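Reckoned from all heavy atoms, side chains included, excluding hydrogens, waters and symmetry mates. Because the structure is a prediction, the values reported are computed rather than measured.
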Amino acid sequence: AQSVTQLDSQVPVFEEAPVELRCNYSSSVSVYLFWYVQYPNQGLQLLLKYLSGSTLVKGINGFEAEFNKSQTSFHLRKPSVHISDTAEYFCAVTPRGTQGGSEKLVFGKGTKLTVNP
Amino acid sequence: NAGVTQTPKFRVLKTGQSMTLLCAQDMNHEYMYWYRQDPGMGLRLIHYSVGEGTTAKGEVPDGYNVSRLKKQNFLLGLESAAPSQTSVYFCASSYTGTGPETQYFGPGTRLLVL
């Protein structure tokens, strides 16, 4: 079984500051990794995903994440945040080799990012 | 394309009442899912479907039933609502591929059980 730990439940930052949202996972098998974002009063949407290849993954809206297998981490970063980045961010994992749907996708509890002017 | 839509957006029930939440997708996705989201708990899978006429249990299926009579629709039923079922419910859908496919989420249904 897999589990995901998002170390910070809330992260307040000022506009134009850099931000890092931390995600660690536990799994007995190799995994695929995802970050989803949920804007206020909306459903989740995919921000980025790591399947294979380069461990640095770039996503939408200037976000990127780095897969670190030895530390079992997949931290999300943005060098300069905007007010519009205020949202809740979810890290998720699923076993590598998963075919078909995403019924084995396990979500973390989320990190609320608040960008202040 | 509307993507994934959910009906209703908000509902208040009394304990013991029943209701059905409707999810519809227009992307011809095979897979559909129902999640519940509770503060500090993230998303937990209730039930899912791998195609028309099929359903399967997720992590927290107790107290819920589902049906997938048409490929584009996935219904979530509460036969006898309980206050513990107060939550935000999200429907999602995805393709069937050779790898993990992106899930597309609806806007959610807020349910309050008194």
**Fill in**
Heavy-atom closest pair (A/Phe90 atom, B/Gln37 atom, distance to 0.1 Å) is CZ-NE2, 3.2 Å

**Asked** Which pair of non-hydrogen atoms, one from B/Phe90 and one from A/Gln38, has the smallest distance, and what is that distance?
**Response**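 Closest approach of B/Phe90 to A/Gln38: CZ-NE2, 3.1 Å.
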
Taking side chain as everything from C-beta outward and backbone as N, CA, C, O, which of these in [X] sits under 4.5 Å from a heavy atom of chain A? Side chain, backbone, both or neither.
X: B/Leu45; value: side chain
X: B/Arg44; value: neither
X: B/Glu30; value: neither

**Asked** By a 4.5 Å heavy-atom criterion (distance strictly below it), what part of A/Lys112 contacts chain B: side chain, backbone, both, or neither?
**Response** neither

Side-chain contact test, heavy atoms from C-beta onward, threshold under 4.5 Å: evaluate it for [X] versus [Y] and give yes or no.
X: B/Thr102; Y: A/Lys49; value: yes
X: B/Phe105; Y: A/Leu46; value: no
X: A/Asn41; Y: B/Lys9; value: no

How about [X]: does its [atom1] atom have over 12 heavy atoms from other parts shown lying under 6.0 Å from it?
X: B/Lys71; atom1: NZ; result: yes
X: B/Phe10; atom1: CZ; result: yes
X: B/Arg110; atom1: CZ; result: no
X: B/Glu79; atom1: CD; result: no
X: A/Glu15; atom1: CD; result: yes

**Message:** Under 4.5 Å between side-chain heavy atoms, counting indirect links through other Ile/Leu/Val/Met/Phe/Trp/Tyr residues: same cluster for A/Ile83 and A/Val81 or not?
**Reply:** yes

**Item:** Cluster check A/Val93, A/Leu44: I/L/V/M/F/W/Y, side chain < 4.5 angstrom
**Value:** no

**Request:** Name the option with the most non-hydrogen atom pairs under 4.5 Å to chain A; the candidates are B/Gly108, B/Pro39, B/Gly40.
**Result:**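 The residue among B/Gly108, B/Pro39, B/Gly40 with the greatest pair count is B/Gly40.
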
